[in-house]
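First up is the structure itself, then whatever we jot down about it.
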Amino acid sequence: MELARDVWNRRGDIERAWAFFSRVATLQGGERCRHFGRGAFGVGSRRRADWCCDLDTNLLAYALCFGGLNCSCGCITSHHSDRDPAKSNHRKVVILLVGLSRGSCDLAPSFKSFATHAWNGAALYSKVKIGETAILGAGSWGTALAWLWGKDGRQVSLWGHDSDRVARMQGTHENSDYLPGLRLPGSVHVTSELSDCTGADLIVFATPSTALRKVATQLRQAIGNVRAVLLSCVKGIEHGTGMRMSQILSELFPEQKIAVLSGPNLAAEVVQNLPTATVIGCNDSECATSLQGILGSPRFRVYTSQEVTSIELGGALKNVFAVAAGISDGLGLGDNSKAALVTRSLAELVRLGVAMGGTAQAFYGLSGAGDLIVTCYSERSRNHTVGKRLGRGESVMQINQSMRMVAEGIPTARSAFECARHLKIETPIIDQVYAVLYEQKKPTGALEEVLSREQKAEHL
């Protein structure tokens, strides 16, 4: 919840805070000391002269009066305009809940707890409570998330498998290998011991896709049945099994709530505090909404969805097409060619994604079209860089040996190629990227095969 406008108005010892709600989470507390009454009224009617905030008369408003917020009483009662709460002995805050009558619209990007004044310790809480967060994977993305979620004082443990790198990070509080110049907040604890993650309420996976099963298995062995919510930020498809990352986690932690996060999120821009949007997917909508409020901010806007399969496949498959876009740039084919390639890549992503269990419409969201666009066009994209170097004549071995970071498009191209063959789905772009990466095919030859395909009607 975010305050869209604060209006402080004193009559006796009453204070009013005006707030716009896009969504209201469940109020926690014992049933015996909680009472709700709700009155709806037209904002334009019986407006008191001392109310200094004008609202659209097409809005429907709900007023709640929270009583006894500065003492042990937790009673919540309705506030009606014909009652003067100034006569009460308890301090109160009146919260105006505004609902839009013109269709559905979220006025706030995320739900946040708030206090209207220093004396007011009351807050509205979402169901998932996160005291400490553990991030597994100290690469660029894991480090960026640690900075993002730790800069406001939240306790974050950042785990890395390389003990030497971790030791350097502990000394400098900087990940010079991946995000040089970024100083991590003091609330971020860097470690190479998985046992340090035992107290976390949220465990975030930011490892390479090829390492996820190994790290998750080690976590299970180190701390047993974790009580935390698990959040996968890994974009890939497991070779051999065709499993998505959340499926691997579900196999190892069958009792846990598992969510996924994906979108057009370049780590280098996130740590510059540039506006970014992402999507959290979870089969449990309440869990997704809770994580939205906990992890989101004005500069890191979080959307929610229950389309877990589509979100994961969109985030994984786009890396293969980014390699193709990089090859196009490396060969100097121009903007017309690249625009056509990216458009046909989206059609291919949707075709294969639907065959793998996704929903067509969901692939046009942040984790599909959004992530595809940024990865295919940004010079900061690892996968685009790999493709560009391939187009300029470098070998896969040369590129791999010179890169610190993993380009997920390389292993995902093999997994996607295998899935397409198994499902009998036509994937001409994926096929040619696979051939360049794993069959030593020349990029120019791959291009000729794509261009020589029969011309036909456009299908999206």
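The chain is numbered in sequence order, starting from 1. Quick caveat: nothing in here was measured; it's all calculated off a predicted structure.
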Looking only at heavy atoms, what is the nearest atom pair of [X] and [Y], with distance?
{"X": "L194", "Y": "I223", "value": "O-CG2, 4.1 Å"}
{"X": "T278", "Y": "L366", "value": "O-CD1, 3.5 Å"}
{"X": "Q247", "Y": "G242", "value": "OE1-O, 4.4 Å"}
{"X": "C282", "Y": "A259", "value": "CB-CB, 3.9 Å"}
{"X": "T304", "Y": "A288", "value": "CG2-O, 3.5 Å"}
{"X": "S328", "Y": "L341", "value": "CB-CD2, 4.0 Å"}

Which pairs of donor and acceptor atoms, one on a side chain in residues 199-213, lie under 3.5 Å apart (sequence neighbours left out)?
residue, atom, partner, partner atom, Å
D201, OD1, R227, NH1, 2.6
D201, OD1, R227, NH2, 3.3
D201, OD2, G131, N, 2.6
D201, OD2, E132, N, 3.1
S209, OG, E408, OE1, 2.6
R213, NE, E238, OE2, 2.7
R213, NH1, E251, OE2, 2.7
R213, NH2, E238, OE1, 3.0

Decide yes or no for [X] and [Y]: does some side-chain heavy atom of the first lie under 4.5 Å from some side-chain heavy atom of the second?
{"X": "L333", "Y": "L447", "answer": "yes"}
{"X": "V302", "Y": "V279", "answer": "no"}
{"X": "V190", "Y": "W159", "answer": "no"}
{"X": "D177", "Y": "R165", "answer": "yes"}
{"X": "L390", "Y": "V386", "answer": "yes"}
{"X": "W141", "Y": "V270", "answer": "yes"}
{"X": "R453", "Y": "P428", "answer": "yes"}
{"X": "S232", "Y": "L249", "answer": "yes"}

Once rounded to the nearest 0.5 Å, what's the spacing between atom [atom1] of [X] and atom [atom2] of [Y]?
{"X": "L317", "Y": "L349", "atom1": "CG", "atom2": "CG", "answer": "5.0 Å"}
{"X": "E255", "Y": "S250", "atom1": "CD", "atom2": "OG", "answer": "11.0 Å"}
{"X": "C197", "Y": "L158", "atom1": "SG", "atom2": "CG", "answer": "9.0 Å"}
{"X": "H384", "Y": "I327", "atom1": "NE2", "atom2": "CD1", "answer": "10.5 Å"}
{"X": "L352", "Y": "M356", "atom1": "CG", "atom2": "CE", "answer": "5.5 Å"}
{"X": "M245", "Y": "I248", "atom1": "CE", "atom2": "CD1", "answer": "4.0 Å"}

Test log, rule side-chain contact (heavy atoms from CB on, under 4.5 Å), inputs Y377 and V342: CA-CA 9 Å; Y377 280 89; V342 173; 3.9 Å; yes
Answer with yes or no whether the side chains of [Y] and [X] bring together a donor and an acceptor at under 3.5 Å.
{"X": "S367", "Y": "D371", "answer": "no"}
{"X": "S246", "Y": "R244", "answer": "yes"}
{"X": "S157", "Y": "D196", "answer": "no"}
{"X": "T375", "Y": "R382", "answer": "no"}

Which residue is it: T309, I258, V308? I am looking for the one with a side-chain contact (heavy atoms from CB on, under 4.5 Å) to N283. V308
Check each of Y364, F321, F363 against L372 using the side-chain contact (heavy atoms from CB on, under 4.5 Å) test, and report the only one that passes. F321
Begin from the C-alpha positions of R183 and H173 and carry the test side-chain contact (heavy atoms from CB on, under 4.5 Å) through to its verdict. CA-CA 6 Å; R183 185 162 182 80; H173 239 57; 3.8 Å; yes
Could you give all pairs that pass the side-chain hydrogen bond (donor to acceptor under 3.5 Å, both in side chains) test and reach residues 429-438, with sequence neighbours left out? R421-D431, T427-D431, Q432-K441, Q432-E449
Which residue pairs pass the side-chain hydrogen bond (donor to acceptor under 3.5 Å, both in side chains) test when at least one of the two sits in residues 335-356, sequence neighbours left out? D329-K338
Tell me whether [X] contacts the main-chain N or O of [Y] through its side chain, where contact means a donor paired with an acceptor under 3.5 Å.
{"X": "K235", "Y": "G263", "value": "yes"}
{"X": "H189", "Y": "Q155", "value": "no"}
{"X": "T359", "Y": "A362", "value": "no"}
{"X": "T276", "Y": "L274", "value": "yes"}
{"X": "R154", "Y": "I294", "value": "yes"}

Full working for side-chain contact (heavy atoms from CB on, under 4.5 Å) between K388 and T385: CA-CA 5 Å; K388 198 170 185 178; T385 299; 5.6 Å; no
Other residues, nucleotides and ligands only: do more than 12 of their heavy atoms fall within 6.0 Å of NE2 on H161? no
Heavy-atom count check: over 12 atoms from other residues, nucleotides or ligands less than 6.0 Å from E394 CD? yes
Under a 4.0 Å threshold between the charged nitrogen and the carboxylate oxygen, would E426 count as salt-bridged to K456? yes
Check the pair S285, Q306 against side chain to side chain donor-acceptor pair (under 3.5 Å), reporting the backbone distance first and the verdict last. CA-CA 7 Å; S285 60; Q306 290 182 281; 4.5 Å; no
Verify side-chain contact (heavy atoms from CB on, under 4.5 Å) between V271 and L148, making sure each step is shown before the conclusion. CA-CA 7 Å; V271 299; L148 175 69; over 6 Å; no
